[in-house]
Number of protein chains: 4
Amino acid sequence: MTTEKGERRRQALAEAAGALLREGGFDAVRHRAVADRAGLPLASTTYYFDSLEELVTAAVELTSRQELAAGRAELDAGTEPDPLELVLDQLLGRESRKGGLDAVLLRYEQLVGAGRRPYLAPLMRTLRVELDALLTEALARAGHPLDAAALRRVVEVVDGAVLSALIEADPDPRATARAALLRVL
Amino acid sequence: MTTEKGERRRQALAEAAGALLREGGFDAVRHRAVADRAGLPLASTTYYFDSLEELVTAAVELTSRQELAAGRAELDAGTEPDPLELVLDQLLGRESRKGGLDAVLLRYEQLVGAGRRPYLAPLMRTLRVELDALLTEALARAGHPLDAAALRRVVEVVDGAVLSALIEADPDPRATARAALLRVL
Amino acid sequence: MTTEKGERRRQALAEAAGALLREGGFDAVRHRAVADRAGLPLASTTYYFDSLEELVTAAVELTSRQELAAGRAELDAGTEPDPLELVLDQLLGRESRKGGLDAVLLRYEQLVGAGRRPYLAPLMRTLRVELDALLTEALARAGHPLDAAALRRVVEVVDGAVLSALIEADPDPRATARAALLRVL
Amino acid sequence: MTTEKGERRRQALAEAAGALLREGGFDAVRHRAVADRAGLPLASTTYYFDSLEELVTAAVELTSRQELAAGRAELDAGTEPDPLELVLDQLLGRESRKGGLDAVLLRYEQLVGAGRRPYLAPLMRTLRVELDALLTEALARAGHPLDAAALRRVVEVVDGAVLSALIEADPDPRATARAALLRVL
DNA sequence: TATGAATGAGTCTTCATTCAT
DNA sequence: GATGAATGAAGACTCATTCAT
């Protein structure tokens, strides 16, 4: 039943929601804001998504898959000489290359936010599996073949370091994360 | 100027706000909810706190200081045979001893939430300093004298592990955290 | 886009606001009061008007245009044998024919109120232009062709007299205004 | 019973209320604002004035009497070479010498505001009598001896002109008023 | 299939006034 | 005599969701 046009609109809404999520966190994802952002009628948000939760879920999924796909593409293309940068892209968001805390916040907000939003949990776990696969490959290419448990530990260390950087208002969380990553490898 | 009774009411409101924060996150801290919880009139919330932000700040501070004070007391009393448990108390919340994720969530929510709530940043940094002092002492008593940088790294590892546990819906995040702690020491 | 019914409701709200404005001044125009008066739900007031200012503006405009239209109609119909009465209608409000101060107050309240309500200024100036055109025509028909400057002076004299009458609680401000008008012509 | 200190505080509150009235109109006169402005406790406002209406009344009276007294003093001192300026001072407020509309607004706001505030009417009439006496004297000294009726007409013309200036956002209402005054004399 | 219209519930906050001390 | 504490009522405004068309 899904018209092509319908699918396009659904995607536009999810993208708008994703942008809002990035900029203002979960609380910023409101029907009106999403509709305005997408340039679509207010009612289209509830027409294409039964509830706000569904819309948020779609936004998280879209956002994350775009990051994953970009990482995978670069990995396959072999463009990036330093695979560790690809790892940091995934853990901090590619936008973190530009510096600043905002870009980093979203990922951790989502991680923690999932705790209060059980409806996100399944998606988060799925995404994690895909993330782990990508990271494993990138680290192997960087000369660090790791098994699943070891990878987890590496990710945890970086996550912990970034969390810490967020609170300290560390001006360059990516550098901090990179240091932690090198230390643990 | 502050009456004793006035101070008690203020505290009651902050405590109610803290409970709501623990149970439902930042979004659950609303004037009405706090007032109802404390069994006080709605307007008392704005009488004692100029804005919701102030109330949230008071809630975070109260909650955190209670945890810190409890840890400090136990440490000084020497009741707890295993100082590492005190460390875990501080990083996961004492309630995590009972198991379950809910108790753990708050701390990380606050850490990340401070990112979207700049008004919390100063408090978070102050609390961090006090936390570090307590942890340093506890770890020293456990036979692990650490300098500031080393301590930070230990905390980061545990934080990363807990964050991971939250997403995995790990049934026993405390055990996971303990394992990470032992590994890094 | 606007449904006919929608337009009718918008108008009903503006009319309710206008009635409140007349009876109780600017302070009486509140969302709740307007909604109750119009027999519509509270939220309809913010649905049709983005803010209270917009609603007040609509009320002023509607009220004033109705007066203007009525004056124009009578002027064109030639019903009123004494065109000066039409002038007084415009300057004191048609309701002032019934006597009493209340009817007169609104116009002057709006004139002065615009000072504290900059958002009304553009509308007030537009209305003034239309008013001047109507008055010029009515006075010409009464045998007093006036240029713009002369008209302004006439209006000012009447306005001054009415203002004075308002404070004196003059029982018949219309008669006072008429006397001033005749004197200045 | 009135302590000297009590009387001083009453006056301080009335003065604070007057300042707020001038700056923000009737709506700006609130208990809290007045107390803050006067640097006195909130409850002192209701202690010294049974209601807000009383406080507003006191503010209007104080403000107006100060203007009157200043005018009278200058008149008696013979400082001001042009008595017409004293007339304008009274009709537009002395602050209007500095130019701008704000200074002028208050007087007309009070004139009109009295319509919605019957409790002000007696005071307004009393003040008018005193004003008329002062104006008569000033105009006589300027070579324009006028009887009561003629004076009223002069005042009305100026009032009308100023009202008009307020709406047009006339940058120099005082000049406009002066021109109207000269014209009518 | 879409969407403009609509609204009940709820948001934070302000305020005049009362009262116990 | 003075005032800190307190609060009921009301303020403007937001929002997720429903529904008729």
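The structure presented is a predicted model; accordingly, all values stated were derived computationally and were not measured. Letters A, B, ... mirror the listed sequences (proteins, then strands); counts begin at 1.
OP1 or OP2 of dT11(E) has not a single side-chain nitrogen or oxygen of H31(B) nearer than 4.0 Å. Put simply, Y48(A) has a side-chain N or O that comes within less than 4.0 Å of OP1 or OP2 on dA2(E). Between R30(D) and the phosphate of dA16(E), there is a side-chain N or O to OP1/OP2 separation shorter than 4.0 Å.
Helical stems in DNA chain F, defined as runs of 3 or more consecutive Watson-Crick or G-U wobble pairs with both donor-acceptor distances under 3.5 Å, are listed by first residue as E:2-21 with F:2-21.
Put simply, NZ on K5(D) is 11 Å from P on dG1(F), counting in whole angstrom units. Taking atom CZ on F49(B) and atom C1' on dA5(F), their separation rounds to 15 Å, with Å as the unit. D27(B) has its CG atom 15 Å from the C1' atom of dA16(F), to the nearest Å. Atom P of nucleotide dA16(E) and atom CG of L13(D) are separated by 14 Å, given to the nearest angstrom.
Of all heavy-atom pairs between G93(D) and E67(D), the closest is CA-OE1, 3.3 Å.
Under the side chain to side chain donor-acceptor pair (under 3.5 Å) criterion, the residue pairs touching residues 106-126 of chain B are E109(A)-R116(B), R116(A)-E109(B), R107(B)-D159(B), Y108(B)-D159(B), with sequence neighbours excluded. Residues in residues 40-51 of chain C take part in no salt bridge (charged side-chain N to carboxylate O under 4.0 Å, His left out) pair, two or more places apart or across chains.
Between the CZ atom of R10(A) and the CG atom of L55(A) there is a distance of 9.0 Å, given to the nearest 0.5 Å. Note: Y48(D) OH to E7(D) CD = 9.0 Å, rounded to the nearest 0.5 Å. Here the straight-line distance linking atom CG of L166(A) with atom CG of L111(B) works out to 9.0 Å at 0.5 Å rounding. The OG1 atom of T57(A) sits 10.5 Å away from atom CE of M124(A), with the distance rounded to the nearest 0.5 Å.
Remark: A43(B) pairs with no residue by the side chain to side chain contact (heavy atoms under 4.5 Å, CB included) rule, at least two apart or across chains. Residues meeting the side chain to side chain contact (heavy atoms under 4.5 Å, CB included) test with P122(B), sequence neighbours left out: none. Qualifying side chain to side chain contact (heavy atoms under 4.5 Å, CB included) partners for Y47(B), counting only residues two or more places apart in sequence or in other chains: none.
A heavy-atom distance below 4.0 Å to DNA chain F is reached by these residues of residues 51-63 of chain A, ordered by number: S51(A), L52(A). For DNA chain F, no neighbouring residue in residues 114-123 of chain A is found when judged by any heavy atom under 4.0 Å.
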Counting only pairs under 3.5 Å, give me each side-chain donor-acceptor contact of residues 17-24 of chain C, with atom names and distances, residues two or more places apart or in other chains.
| from | atom 1 | to | atom 2 | distance (Å) |
| --- | --- | --- | --- | --- |
| E23(C) | OE1 | R37(C) | NH1 | 3.1 |
| E23(C) | OE2 | R37(C) | NH2 | 2.5 |

Scan the side chains in residues 58-66 of chain B for donor-acceptor partners under 3.5 Å anywhere in the protein, sequence neighbours excluded, and list what turns up.
| from | atom 1 | to | atom 2 | distance (Å) |
| --- | --- | --- | --- | --- |
| E61(B) | OE2 | R65(B) | NE | 3.0 |
| E61(B) | OE2 | R65(B) | NH2 | 3.1 |
| T63(B) | OG1 | A59(B) | O | 2.8 |
| S64(B) | OG | V60(B) | O | 2.8 |
| R65(B) | NH1 | E130(B) | OE1 | 2.6 |
| R65(B) | NH1 | E130(B) | OE2 | 2.9 |
| R65(B) | NH2 | E130(B) | OE2 | 3.4 |
| Q66(B) | NE2 | E15(B) | OE2 | 3.2 |

For residues 26-36 of chain A, please give each side-chain donor-acceptor pair under 3.5 Å, one per line with the distance, not counting sequence neighbours.
| from | atom 1 | to | atom 2 | distance (Å) |
| --- | --- | --- | --- | --- |
| R30(A) | NE | D27(A) | O | 3.3 |
| R30(A) | NH2 | D27(A) | O | 3.2 |

Close N/O contacts between protein and nucleotides 7-9 of chain E (under 3.5 Å):
| from | atom 1 | to | atom 2 | distance (Å) |
| --- | --- | --- | --- | --- |
| dT7(E) | OP2 | R9(C) | NH1 | 3.1 |
| dT7(E) | OP2 | R9(C) | NH2 | 3.4 |

